[in-house]
Amino acid sequence: MADPDGALVLQTVGLRKHFGGVQAVGGVDLAVPEGDLRAIIGPNGAGKTTLFNLITGDLAHDSGQIFFRGEDVSGLAPQDLCRRGLARTFQVTSIFRRLSTLENVQTALLTHHRRHHDFFRPARRLYREEAMMLLDRVGLVGQAAKPSGILAHGDQRRLELALALASQPQLLMLDEPTAGMAPRERHEIMALAASIATDAKLTIVFTEHDMDVVFAVARRISVLHQGEVIADGTPLEVRGDPEVQRVYLGQRFRARR
């Protein structure tokens, strides 16, 4: 049942997805309030990315419902969800590598403002100031003129964050945002995302394998195992959950308590 007063930004009810005889997501109930910084963790194959793809409309679910700000958005296409305020990034960077860093953000802004079919004005002049502000927010103003394809991997991740922010989302879903990054860079990019979330009153849901990062920034954690939620709580509650320790965290975090 949907949240009656609409206080939840995201809610899934009984969400399921099978691939043949394999259960990828098995009846997931998720409730994410406004302003949350929610981590979804679990072993490889737990169903994290599949769950993301179901929520963002990149994959059709078998049964269940998805609510965004109290509205049933089950079955909507990704572009329709984006117009409603739900944006995402992917595990593999998705940028226009031949365009400059600035042009990438301008392209995202043109799409958001539905100006991508405006053939009568030079695109390089459109939304330049807004694009530079977004680059400044993610620390890339100094890289604005560079072809995005030659940026360091960490900077490409920052650029992806700017592209997602260009759509002015209310909910931002980050799938493995620190993949391929050095430990210091991981903490920096997630600290940046947390700062943006606070400043813009943005809700963020992210998947992540680096538990140091998860426990440093997440306000609440949902743990998936074999497509099902086995724990949901604060970092302290999840860290101390015996079932989570057994299937995922193991001795690593028990030794730190």
Side-chain angles (χ1 to χ4, degrees), residues 37 39 44 48-49 52-53 56 58 78-79 81-82 86-169 171-200 202 204-210 212-214 216-217:
L37 188 55
N44 289 331
K48 302 183 297 295
T49 294
F52 258 53
N53 289 338
T56 58
D58 293 288
Q79 61 269 24
L81 290 169
C82 187
L86 191 160
R88 75 166 292 178
T89 65
F90 294 85
Q91 289 185 20
V92 179
T93 53
S94 179
I95 58 177
F96 297 104
R97 301 179 66 86
R98 293 187 179 181
L99 295 183
S100 72
T101 303
L102 175 62
E103 289 167 344
N104 265 269
V105 182
Q106 286 178 288
T107 300
L109 289 167
L110 285 165
T111 301
H112 173 63
H113 292 289
R114 304 190 184 189
R115 297 287 298 276
H116 48 293
H117 296 307
D118 188 345
F119 299 111
F120 300 102
R121 295 188 64 185
R124 286 184 176 86
R125 298 180 185 175
L126 295 173
Y127 305 111
R128 182 182 179 88
E129 183 177 350
E130 190 175 345
M132 290 297 287
M133 289 175 63
L134 285 170
L135 289 179
D136 182 54
R137 189 67 190 87
V138 300
L140 286 179
V141 166
Q143 313 276 15
K146 285 186 178 180
S148 63
I150 68 170
L151 295 178
H153 180 69
D155 286 340
Q156 289 184 0
R157 288 291 185 182
R158 288 174 181 267
L159 175 57
E160 270 206 316
L161 183 56
L163 298 181
L165 293 173
S167 66
Q168 299 179 353
L171 170 63
L172 179 57
M173 301 190 66
L174 308 175
D175 192 7
E176 299 278 354
T178 71
M181 299 175 73
R184 180 179 60 81
E185 289 181 312
R186 294 173 197 162
H187 285 275
E188 287 177 353
I189 194 73
M190 288 310 302
L192 174 63
S195 174
I196 290 172
T198 299
D199 293 346
L202 179 66
I204 292 181
V205 178
F206 69 99
T207 63
E208 180 56 57
H209 281 293
D210 188 326
D212 289 331
V213 169
V214 168
V217 303

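Every value quoted in this text rests on a predicted model; they were computed, and no experiment measured them.
- Without hydrogens or angle criteria, Thr178 side chain to Met181 main chain gives no donor-acceptor distance under 3.5 Å.
- Here the side chain of His112 pairs no donor or acceptor atom with the backbone of Leu165 at under 3.5 angstrom.
- When all heavy atoms of Met190 and Pro177 are compared, the closest pair comes out as SD-CG, 3.6 Å.
- Counting only heavy atoms from C-beta outward, the side chains of Asp199 and Arg137 approach each other to under 4.5 Å.
- The two residues Ala144 and Met132 make their nearest non-hydrogen contact at CB-SD, 3.9 Å.
- For the pair Val105/Leu140, no side-chain contact is recorded, criterion being any heavy-atom separation below 4.5 Å from C-beta on.
- Across all their heavy atoms, Ala166 and Ala108 have their closest contact at CB-CB, 3.7 Å.
- Here the CD1 atom belonging to Ile196 is positioned 4.5 Å from the CG atom belonging to Leu161, to the nearest 0.5 angstrom.
- Put simply, the side chain of His187 does not reach to within 4.5 Å of the side chain of Val217, judged on heavy atoms.
- Atom CD in Gln143 sits 10.0 Å away from atom CG in Leu159 (nearest 0.5 Å).
- Ser167 and Arg88 form no side-chain donor-acceptor contact under 3.5 Å, judged by distance and modelled atom types alone.
- Residues Ala164 and Ala87 share a closest heavy-atom pair of O-CB, 3.9 Å.
- Between Thr101 atom OG1 and Lys146 atom NZ the span is 8.0 Å, to the nearest 0.5 Å.
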Carefully, step by step, assess Thr49 and Phe90 under the rule side-chain contact (heavy atoms from CB on, under 4.5 Å). CA-CA 9 Å; Thr49 294; Phe90 294 85; over 6 Å; no
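- Taking every heavy atom of both residues into account, Ser148 and Asn104 meet most closely at OG-ND2, 3.2 Å.
- Counting only distance, with no hydrogens or angles, the side chain of Glu130 and the backbone of Tyr127 share no donor-acceptor pair below 3.5 Å.
- With contacts defined as side-chain heavy-atom distances shorter than 4.5 Å, the pair Leu102/Arg128 qualifies.
- Checked options Ile204, Thr207, Val205, Ile189; the residue passing with Leu174 is Ile204 (criterion: side-chain contact (heavy atoms from CB on, under 4.5 Å)).
- The residues Arg157 and Glu188 are annotated as not salt-bridged, no charged nitrogen and carboxylate oxygen being separated by less than 4.0 angstrom.
- In this structure, CG in Leu134 is found 6.0 Å from CG in Leu109, a value given to the nearest 0.5 Å.
- For the pair Arg98 and Phe96, the cation-pi test (distance below 6.0 Å, angle within 45°) is failed.
- Between the CG atom of Asp212 and the CZ atom of Arg186 there is a distance of 9.0 Å, given to the nearest 0.5 Å.
- The line from CG of Leu163 to OG1 of Thr107 is 8.5 Å long, rounded to the nearest 0.5 Å.
- Panel note: side chain Thr89, backbone Glu160; no donor-acceptor pair is recorded below 3.5 Å.
- Side-chain contact between Thr56 and Pro78 is absent, with no heavy atoms from C-beta onward closer than 4.5 Å.
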